[in-house]
Amino acid sequence: MRRRTALLVIPLLLLAGCGHDGATPVAGAAPPLPPTSSASLAPATSVPSSTSRPAITPTPTPTPAPPSVTPARNCGSPEFTTSDPDGGWSDGGYYVHNNMWNAGEAGPETLRACAYDNWYVDSVQPDSTSVKTYPNVHKDIADQNGKPFNDYSVIKSTFAGRGPGIGVYDVAYDLWLNGVGDGKGVSELMVWTENRKQVPAGDKLTTYTAGGFTYDVWAEDEGYVAFVSRTTQYSGTVDLKAMIAWAIGKGLIPANPTVNQIGYGIEFCSTGGGKARFTLTDFSVSMS
């Protein structure tokens, strides 16, 4: 929604509604890990005995060791901590940003980062419908000046992020094209990977399917497009070039826009007044 900028300053922007009573929440609880299976012993094969030779008992097949389970990343000793509404940290070519863009309505929020792809944020937001914050990690292209879309054959990103499962929020990519923030000719394309009671701006137009996932596509006249996954995705890889190209083909985004910024984070609308945590454990952008 045309609701904020990812610039490192906090602009005055229009606020968008965050949800409605009829929205169907998406469960925020993590799906259970599949049980670890181990191979059973091979059945014994009897060998008949004889007067000249004793019975032979075959050696059982060893049970293989269970597969190792990779533990979740832990950010126990943060390199960077901020409660500043515009606080941020540069690391590895990315920028981790607290981005409390609607600070006038927002409650307190603290971001702690061990790396650009390993951080979490604790947020306390009132029970109201406006978007309050968008803590995120993003990559600026040519210092936000951008490069033409047609210059790239690949624009992909990996992610892993999980919302708190309470309140109203969406976990989403935020791409800025032909500029960053509100401005004439600027387009914003979002990809929602997790949604809890949130509703995008504009109207639902059609669907888009890729990578085994179906997205509802929302758009409004001011250059905003949102791909809202019907299935919660806590991690994965997204072909952003394909999504931008599809939106261009549908006339939702101008042809050959500059790609200025690619970010991923959570839009907090409400936490019901209590503390809620968003955790990010993977993020990267590949462009060539």
Side-chain angles (χ1 to χ4, degrees), residues 1-7 10-20 23-26 28 85-88 95-111 119-138 157 159-176 180-182 187-202 215-220 222 224-229 232-234 238 261-280 283:
M1 53 203 70
R2 308 293 296 179
R3 73 265 174 280
R4 50 127 183 80
T5 177
L7 284 166
I10 304 175
L12 298 177
L13 301 177
L14 297 177
L15 304 184
C18 206
H20 60 75
T24 302
V26 177
D86 196 35
Y95 191 77
V96 184
H97 190 192
N98 204 26
N99 198 18
M100 298 173 65
W101 64 274
N102 186 12
E105 296 185 26
E109 181 171 278
T110 300
L111 184 150
W119 54 270
Y120 64 94
V121 61
D122 290 319
S123 192
V124 180
Q125 301 305 327
D127 191 11
S128 58
T129 59
S130 59
V131 178
K132 311 298 191 305
T133 74
Y134 179 63
N136 70 90
V137 56
H138 59 258
S157 179
F159 69 93
R162 186 178 295 259
I166 61 171
V168 181
Y169 64 85
D170 62 86
V171 179
Y173 278 90
D174 200 8
L175 281 65
W176 292 96
V180 178
D182 284 355
S187 293
E188 181 183 19
L189 186 149
M190 300 192 77
V191 182
W192 293 19
T193 56
E194 182 185 350
N195 182 25
R196 180 177 169 83
K197 299 183 180 181
Q198 171 69 295
V199 180
Y215 301 81
D216 291 320
V217 181
W218 295 67
E220 65 174 1
E222 296 182 5
Y224 170 82
V225 181
F227 293 75
V228 181
S229 179
T232 298
Q233 301 179 47
Y234 292 120
V238 181
Q261 188 180 88
I262 298 173
Y264 180 74
I266 184 170
E267 289 189 309
F268 273 118
C269 299
S270 171
T271 65
K275 182 184 291 186
R277 176 172 292 185
F278 169 71
T279 302
L280 182 141
F283 181 74

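Computation of the quantities below employed the complete heavy-atom set of this structure, encompassing side-chain atoms and omitting hydrogens, waters and symmetry-equivalent molecules.
Closest approach of Y264 and V171 over heavy atoms only: OH-CG1, 3.2 Å. Counting all heavy atoms, side chain and backbone alike, L111 lies closest to V96 at CD2-CG1, 3.7 Å. Of all non-hydrogen atoms in Y173 and S157, the two that sit nearest each other are OH-OG, 2.7 Å. For the pair I166 and K275, the tightest heavy-atom approach, listed with the atom from each and the gap, is CD1-O, 4.2 Å. Heavy-atom minimum distance, W192 versus A226: NE1-CB, 4.3 Å. Residue Q125 comes nearest to A106 through the heavy atom pair OE1-CA, 3.3 Å, listed as atom of the first residue, atom of the second, then distance.
For the atom pair E188 CD and D182 CG, the distance stands at 8.0 Å (nearest 0.5 Å). The distance from the CH2 atom of W176 to the CG atom of L189 is 11.0 Å, given to the nearest 0.5 Å. In this structure, F268 CZ and T133 OG1 are separated by 6.0 Å, a value rounded to the nearest 0.5 Å.
Every residue two or more places apart in sequence or in another chain that forms a side-chain contact (heavy atoms from CB on, under 4.5 Å) with P108 is listed here: V124. Evaluation of the side-chain contact (heavy atoms from CB on, under 4.5 Å) rule for S270 yields D127, V168 as partners, not counting sequence neighbours. The side-chain contact (heavy atoms from CB on, under 4.5 Å) search around A160 returns S235, T281, D282, not counting sequence neighbours. For T271, there are no side-chain hydrogen bond (donor to acceptor under 3.5 Å, both in side chains) partners at least two apart in sequence or on another chain. For the side-chain hydrogen bond (donor to acceptor under 3.5 Å, both in side chains) test, no residue two or more places apart in sequence or in another chain qualifies with T279. Partners of Y120 under the side-chain hydrogen bond (donor to acceptor under 3.5 Å, both in side chains) rule, at least two apart in sequence or in another chain, do not exist in this structure.
Using a 4.5 Å heavy-atom cutoff, the side chains of T129 and C269 are not in contact. A heavy-atom distance below 4.5 Å is found between the side chains of I266 and P164. Contact check for W218 versus M190: no side-chain heavy atoms found under the 4.5 Å cut-off. V217 places a side-chain heavy atom less than 4.5 Å from the side chain of V225. Considering only heavy atoms from C-beta on, V137 comes within 4.5 Å of L280 through its side chain.
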Run the side-chain contact (heavy atoms from CB on, under 4.5 Å) check on N98 and V121 step by step: do they pass? CA-CA 8 Å; N98 204 26; V121 61; 4.0 Å; yes
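For the residue pair E109/S123, the side-chain donor-acceptor check at 3.5 Å is satisfied.
Under the side chain to side chain contact (heavy atoms under 4.5 Å, CB included) test applied with V228, the options V199, V191, N195 reduce to a single match, N195.
Ring pair Y95/H138 is tilted by interplanar angle, where 30° to 60° counts as tilted. A perpendicular orientation is assigned to the rings of Y215 and F227, their planes being inclined by more than 60° (bins at 30° and 60°).
R196 forms no cation-pi arrangement with Y169, by the criterion of a distance under 6.0 Å to the ring centre and an angle within 45° of the ring axis.
A donor-acceptor contact shorter than 3.5 Å links the side chain of N102 to the backbone of V131. Of the possible polar contacts, one joining the E194 side chain to the G163 backbone as a donor-acceptor pair under 3.5 Å is found.
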